[in-house]
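Here's the structure we're looking at; comments come further down.
The chains referred to below are lettered A, B, ... by the order of the sequence lines, with proteins before strands, and numbering in each begins at 1.
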4 protein chains.
Amino acid sequence: MGIVERKQREKESRLRQIQEIAAELFYKKGYAETSLDEIARRAEISKATIYLYFKSKDDLYYQIVEPALAELSRRLIKIAEDTEEPAEITVRKIIDATRDVFFNDPGSYHLVSHYRAAEFKRLLPKNRLDNLKSLMRSNFHQMEQAVQKGIDQGIFHNVDAKLVSIILWNCFMGVIQFQENRMDLESTDYRKPTIDAAVDLILKGLKSR
Amino acid sequence: MGIVERKQREKESRLRQIQEIAAELFYKKGYAETSLDEIARRAEISKATIYLYFKSKDDLYYQIVEPALAELSRRLIKIAEDTEEPAEITVRKIIDATRDVFFNDPGSYHLVSHYRAAEFKRLLPKNRLDNLKSLMRSNFHQMEQAVQKGIDQGIFHNVDAKLVSIILWNCFMGVIQFQENRMDLESTDYRKPTIDAAVDLILKGLKSR
Amino acid sequence: MGIVERKQREKESRLRQIQEIAAELFYKKGYAETSLDEIARRAEISKATIYLYFKSKDDLYYQIVEPALAELSRRLIKIAEDTEEPAEITVRKIIDATRDVFFNDPGSYHLVSHYRAAEFKRLLPKNRLDNLKSLMRSNFHQMEQAVQKGIDQGIFHNVDAKLVSIILWNCFMGVIQFQENRMDLESTDYRKPTIDAAVDLILKGLKSR
Amino acid sequence: MGIVERKQREKESRLRQIQEIAAELFYKKGYAETSLDEIARRAEISKATIYLYFKSKDDLYYQIVEPALAELSRRLIKIAEDTEEPAEITVRKIIDATRDVFFNDPGSYHLVSHYRAAEFKRLLPKNRLDNLKSLMRSNFHQMEQAVQKGIDQGIFHNVDAKLVSIILWNCFMGVIQFQENRMDLESTDYRKPTIDAAVDLILKGLKSR
DNA sequence: CATGAATGAGTCTTCATTCAT
DNA sequence: TATGAATGAAGACTCATTCAT
């Protein structure tokens with residue numbers, strides 16, 4: 001009994017290990033410049049072994065990106081459920097959750113921070129592409145809802161909620177990416193305070209007078 | 001006589017044509033996934049012809065990216081010269097100039113919106129890398145100066161100018177990128193109003209109270 | 001158990017097969033005019049397979065040339081150890097060993113008979129180049145020592161030992177090369193008797209009076 | 001009138017200049033590794049211009065190699081005409097003439113010192129190949145005749161004349177090649193004395209007792 | 001006569017993927 | 001399950017050759 005379970009656990013850990021290494025490389029070097037050879041070498045397994053766990057390079061990529069995005073989606077949906085909560089808090093919670101998921105799973109960084117519609121279209125089969133799109137749309141939608149709630153609650157100016165979501169979302173992404181590049185040089189991680197400051201500023205703008 | 005001139009003009013137009021096609025592909029698909037084969041096919045020339053105009057793929061990339069960034073640098077430096085001008089106007093001018101340059105030269109999109117320090121380090125020789133870095137730093141610096149001016153003029157809160165620059169800059173980049181991906185589906189170009197709204201919001205935050 | 005060994009043997013035989021075919025082509029056509037495509041075709045393997053065994057074309061070349069030269073070096077050093085032996089015999093032994101190594105490994109033919117300092121300098125990394133140079137110098141040195149011994153023993157005239165070595169060495173190489181070209185037409189292999197006759201003549205010249 | 005002549009002279013000098021540069025490169029780097037681009041660059045003409053004077057790269061090669069070999073052939077035939085002359089002197093004359101021609105025309109170096117039957121067969125059309133072969137055979141034949149004359153005159157031992165010719169010829173070639181490689185390092189030109197010493201030695205061997 | 005421009009064919013090299021063991 | 005070995009397809013780059021001017 002225990003043997004089967006152990007095998008199962010080992011298999012999963014192996015799988016996750018591949019994913020983690022691949023995620024880091026995909027993020028650092030991009031999809032095309034990441035070779036299965038390097039992933040295999042770092043994971044200290046044979047290249048062929050990767051094919052036991054993933055059908056193709058695309059598949060590996062998808063299997064990294066989808067779970068992170070799905071997890072974020074679940075969390076944002078949960079956060080958005082509380083319709084009574086002041087919008088400002090909801091917005092901050094969404095940002096926090098997003099940052100949290102991304103910090104814990106650098107692989108998903110790649111997806112979002114370097115997301116290029118055209119690239120995905122070439123890379124993924126339609127159903128997978130659609131799934132990712134729908135997840136992203138959902139996440140984006142939660143932010144939009146929160147901003148709209150703020151407007152309805154009279155906390156925020158009467159602005160275009162969608163537009164504000166775009167701004168918040170991109171500000172977040174921009175900061176991440178900017179600081180990533182910076183971290184190549186400096187070692188200190190300023191991502192959290194920078195994001196917080198950015199959100200403060202935008203919220204101040206939303207609430208001012 | 002006129003013959004030489006015409007030849008010259010033809011050569012330059014050919015060169016620009018290659019650059020434009022390459023810029024679009026680099027932007028859409030990234031450096032690694034763009035093949036010279038495809039560039040040649042789209043430009044309806046032979047692959048070898050590209051090598052008449054550019055020493056290598058790296059070189060082609062650099063020749064696309066550098067001029068746009070240099071042009072932006074020139075414009076921003078000029079804008080920043082007027083130290084009397086109210087900071088808010090200067091900030092808007094910087095944003096406008098940036099957008100202007102980028103809209104006229106989609107190639108530079110790629111550099112900035114997908115800029116990855118690590119990738120460049122592998123791609124470019126040291127002197128070219130340094131040149132790009134210095135241009136980017138200069139551009140960023142102008143924004144920082146403008147924000148600082150606003151603080152000194154008592155128009156903006158006493159915030160970290162550098163941080164605000166990061167936010168503004170990334171907001172800009174984020175909006176561009178977001179809308180780019182969006183434009184793959186819809187055809188309307190919302191980039192300008194979205195950027196303006198974003199800047200409005202951030203400036204409002206900076207000035208509030 | 002035996003499986004692993006058999007695999008090992010197969011791998012080595014494959015490697016040697018590639019080397020043999022490559023050696024022949026390098027010899028017949030020179031480095032630049034020998035394509036990996038042709039090597040692969042003749043070995044009835046894929047071009048990519050070559051890269052499983054050798055890091056590059058240069059590497060393949062070096063791996064062919066170095067072992068033969070090193071083997072020759074070992075043998076000549078051993079022969080030269082006997083300082084009592086009459087010089088004439090030592091010289092003949094050196095020639096015999098050289099011929100032996102070269103006949104058993106046509107790849108090394110190329111190196112020595114077509115050796116061009118300039119070509120190697122472009123082809124090989126410094127440490128490999130140095131290694132080959134040092135091997136060649138060592139081999140040459142053994143001959144020089146043997147001739148000097150003959151002079152000291154009073155068997156040979158008092159000539160410049162270095163010069164005589166050059167003559168002997170090149171005579172050997174020349175005969176090989178000449179006969180090689182000839183063999184393209186005739187099929188009989190006159191290399192051994194021709195070399196022997198050449199050495200006889202030169203030794204006679206050294207000893208005359 | 002004079003104009004036509006000047007043009008003619010200019011054309012010939014241009015032609016010879018191309019040949020000289022090409023000869024040097026062919027010799028130093030080999031046929032395959034010498035590019036018309038480099039020849040053109042060094043001659044400060046356009047690559048296309050080379051095609052005004054030579055039908056192809058092969059043709060250029062042949063036009064370099066053939067005249068030198070033909071000139072040598074003419075001289076050797078003349079030398080061999082004097083059947084009364086002591087064989088030793090004739091042999092030395094042949095060697096001197098050979099060296100002379102080669103020193104004055106490094107292009108022919110390449111042909112003979114790096115002559116590879118197989119390469120030529122691929123490179124040249126049958127009639128040209130046959131012509132070169134016949135020239136080389138003729139040159140070789142003169143040496144053979146001279147040695148035979150020495151035997152008939154009772155000056156040389158009764159050896160195989162053909163074999164001795166091979167030895168002499170290759171000794172010459174070997175020394176040239178060896179010293180060429182050496183000259184890459186040292187600058188002094190030891191080719192003449194080394195060849196002379198080699199010939200002395202061999203002649204001594206031929207005459208001893 | 002001379003050349004700048006263009007290109008097709010070929011070269012080395014990499015890599016995702018398959019398969020026998 | 002795991003892997004070493006093999007490969008087809010593709011990519012960057014070079015070069016001899018042609019041609020319009």
To the nearest angstrom, how far is C:Tyr61 atom OH from E:dC12 atom C1'?
17 Å
When rounded to whole Å, the CG to C1' distance for the pair A:Leu123 and E:dA16 reads 13 Å
Listed pairs, N/O of protein and of nucleotides 6-10 of chain E, under 3.5 Å:
residue, atom, partner, partner atom, Å
E:dA6, OP1, B:Arg14, NH1, 3.3
E:dA6, OP2, B:Tyr53, OH, 2.8
E:dT7, OP2, B:Ser46, N, 3.0
E:dT7, OP2, B:Thr49, OG1, 2.4

Can you tell me the distance, in whole Å, between the CD atom of B:Glu33 and the P atom of F:dA10?
14 Å
Roughly, in whole Å, what's the span from CD1 in A:Ile18 to C1' in F:dT3?
13 Å
Using side-chain heavy atoms (C-beta onward) and a distance below 4.5 Å, is D:Arg14 in contact with D:Ile45?
yes
N/O donor-acceptor pair under 3.5 Å between A:Gln19 side chain and A:Gln63 backbone:
yes
D:Tyr51 has an atom OH; how far is it from atom C1' of E:dA5, in whole Å?
15 Å
State the pairing partner of E:dT21; accept Watson-Crick or G-U wobble contacts with both distances under 3.5 Å, and report none otherwise.
F:dA2
Tell me if the CD atom of B:Glu44 is crowded by more than 12 foreign heavy atoms within 6.0 Å.
no
Full working for salt bridge (charged side-chain N to carboxylate O under 4.0 Å, His left out) between B:Glu20 and B:Arg16:
CA-CA 6 Å; B:Glu20 269 165 35; B:Arg16 215 158 306 161; 5.9 Å; no
I need the NZ-P distance between A:Lys55 and E:dA16, as an integer number of Å.
18 Å
Residue B:Lys57, side-chain atoms from C-beta onward, closest of E:dC12, E:dA16, F:dC13:
F:dC13
Where does the angle between the aromatic ring planes of B:Phe26 and B:Tyr31 fall among parallel (under 30°), tilted (30 to 60°) and perpendicular (over 60°)?
parallel
Take atom OH of C:Tyr31 and atom P of E:dT11, then tell me their distance rounded to the nearest Å.
13 Å
Could you tell me how far apart A:Arg41 (CZ) and F:dG4 (C1') are, to the nearest whole angstrom?
15 Å
Go through D:Glu38 and D:Arg42 one step at a time and tell me if the salt bridge (charged side-chain N to carboxylate O under 4.0 Å, His left out) criterion holds.
CA-CA 6 Å; D:Glu38 188 172 358; D:Arg42 293 212 191 184; 2.9 Å; yes
